[in-house]
Protein chains: 2
Amino acid sequence: MKDAIQPRTLKTRAKLTGAAEALIADHGYDALRVDEVVKAAGVAKGTFFAHFKDKDALMDLLIGAKIDGLLDDLERQPVPGSTADLIAAMDPMMRFMTCERYVFDVILRHSGAAMSDQIGPIANTFGRHLTVVAEWLRDGPFRRDISALLMAEGVQAFLVQVMALHFCAIHSDVDMQDRLQVYLDAWLMPKG
Amino acid sequence: MKDAIQPRTLKTRAKLTGAAEALIADHGYDALRVDEVVKAAGVAKGTFFAHFKDKDALMDLLIGAKIDGLLDDLERQPVPGSTADLIAAMDPMMRFMTCERYVFDVILRHSGAAMSDQIGPIANTFGRHLTVVAEWLRDGPFRRDISALLMAEGVQAFLVQVMALHFCAIHSDVDMQDRLQVYLDAWLMPKG
DNA sequence: ATTAGTTATTGACCATGGTCATTTTTAAAT
DNA sequence: ATTTAAAAATGACCATGGTCAATAACTAAT
């Protein structure tokens with residue numbers, strides 16, 4: 001009996017993700033087709049689904065990896081001392097998450113633990129983001145009547161709201177940053 | 001030149017939506033297939049897409065109509081005097097929106113103006129909901145440092161967050177209402 | 001009634017994600 | 001080396017949403 005993953009499994013996986021990344025670099029996420037991925041990777045279609053539950057699982061992996069990279073950058077930054085700094089720090093992440101409507105949809109779908117069976121890459125990044133932001137807020141000049149974690153959860157809620165409105169016909173004219181500023185000021189530094 | 005819609009157009013539309021509603025009543029939203037709808041309606045497949053841009057557009061219509069009905073009920077209720085009352089008032093809506101994972105996904109996708117071209121039924125209900133809640137908050141015992149509309153927008157952001165977490169593997173054990181209570185207390189009645 | 005132009009309907013066809021019985025490859029045991 | 005059982009890969013096939021050129025049904029003008 002063997003249960004250790006064979007070397008070729010890793011190689012095939014790498015070929016698939018590599019091919020997918022190259023195609024995405026050229027034509028974006030939305031335009032990715034499974035047929036093109038397997039053709040570029042030089043494997044059969046069935047092989048793709050032996051490695052990934054479905055197309056969404058690949059997207060979860062790739063987009064999750066991208067966000068993880070951006071979170072690495074985020075963690076390296078100095079602790080923000082104001083909502084404006086906070087927003088500036090999160091800007092690259094927001095920009096990636098809204099680079100394509102399709103990407104944002106995938107993120108939304110996976111943000112709260114993919115398909116409710118097990119936690120996926122994107123869901124993980126949301127957890128990580130929560131931790132980082134909570135840590136930041138703990139010692140900042142913000143409200144003290146609620147926990148840092150609760151504050152961070154609210155930041156995420158408003159982040160999602162702002163990005164969603166970004167794709168909205170009516171509100172897309174208002175800048176994401178400006179809108180988030182209003183929300184976060186009211187959430188993190190209430191004057192009432 | 002004529003531009004008035006023919007009577008049969010309305011009739012076909014009614015047949016399609018009627019068939020869809022019946023099928024959904026029996027098997028839920030997620031299980032709905034276009035083929036079954038057209039078969040039940042007694043029309044060809046192409047006819048479906050002559051009436052609806054895609055399957056999502058039908059879902060937008062049907063789910064939007066359902067939410068509209070719930071908003072009618074909501075408007076008839078007495079003005080909530082606390083966050084608990086507010087949450088209780090919104091309960092039926094939340095329950096419907098989370099009745100199926102698929103339904104929630106459709107709602108999310110359409111909440112901010114469908115596909116960025118024109119405002120759809122679901123997006124409309126979000127606008128309506130915003131108005132109703134803002135009106136409620138205007139005279140309630142809540143914070144006064146921000147506008148009622150801004151408060152209402154926050155309520156929506158937290159509402160979405162709570163519903164998303166409901167489908168999350170990690171957090172689904174915590175009750176939606178309880179979680180929303182924490183959020184809304186912190187948002188509408190900050191003590192800092 | 002006939003004609004003409006517009007609108008609605010049709011169904012064969014396509015695009016694309018996903019499945020599964022079969023075959024091939026691998027690695028451990030003999 | 002041979003055998004053998006598990007793991008991986010294959011590709012024909014299916015499910016389902018969506019398209020479009022051709023056709024039928026309507027309505028208004030003559």
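Proteins get letters first, then strands, A, B, ... in listed order; numbering begins at 1 in each. Side chains included, hydrogens not; waters and symmetry mates left out as well; all remaining heavy atoms used. What you are looking at is a predicted structure, and each value in this text was computed from that prediction instead of being measured.
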Quick one: do [X] and [Y] make a salt bridge, cutoff under 4.0 Å?
| X | Y | answer |
| --- | --- | --- |
| A:Asp35 | A:Arg33 | no |
| A:Asp56 | A:Arg109 | yes |
| B:Asp72 | B:Arg128 | yes |

(request) Looking only at side-chain atoms of A:Thr9, point me to the closest of C:dG11, C:dA8, D:dA8. (result)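 The closest nucleotide is D:dA8.
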
(request) Using atom CG of B:Leu10 as one end and atom P of D:dC26 as the other, report the distance to the nearest whole Å. (result)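 Going from B:Leu10 (CG) to D:dC26 (P), I get 14 Å.
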
(message) Whole angstroms only, please: what is the NZ-C1' distance between B:Lys11 and D:dC26?
(response)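 Distance, rounded to whole Å: 13 Å.
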
(message) For a 4.5 angstrom cut-off between non-hydrogen side-chain atoms, does A:Asp60 reach A:Phe52?
(response)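 No. Closest side-chain heavy atoms not under 4.5 Å.
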
(message) Check for me whether the distance between the ring centres of B:Trp187 and A:Phe158 falls short of 6.0 Å.
(response)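 Ring centroids of B:Trp187 and A:Phe158 are less than 6.0 Å from each other.
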
(request) Look at the side-chain N and O atoms of A:His51 and state whether any lies under 4.0 Å from the OP1 or OP2 oxygen of D:dA8. (result)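 Negative; the distance criterion is not met.
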
(request) Give the intermediate values and the outcome of salt bridge (charged side-chain N to carboxylate O under 4.0 Å, His left out) for residues B:Glu36 and B:Lys39. (result) CA-CA 5 Å; B:Glu36 288 178 5; B:Lys39 196 177 159 194; over 6 Å; no

(message) So if I define the base as every atom that isn't primed, P, OP1 or OP2, how would nucleotides 16-25 of chain D read as a B/S/- string at a heavy-atom cutoff under 4.0 Å?
(response) SBBBB----B

(message) Using a 4.0 Å cut-off on heavy atoms, which residues in residues 12-25 of chain A reach DNA chain D? List them by number, or say none.
(response)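 Output list: A:Thr12.
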
(message) Quick check: closest heavy atoms across B:Thr98 and B:Met176, and the distance to 0.1 Å?
(response)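 Between these two residues, the closest heavy atoms are OG1-CE, 3.5 Å.
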
(request) Step through the shown structure and confirm whether more than 12 heavy atoms of other residues, nucleotides or ligands are within 6.0 Å of NZ on B:Lys55. (result)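 Yes.
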
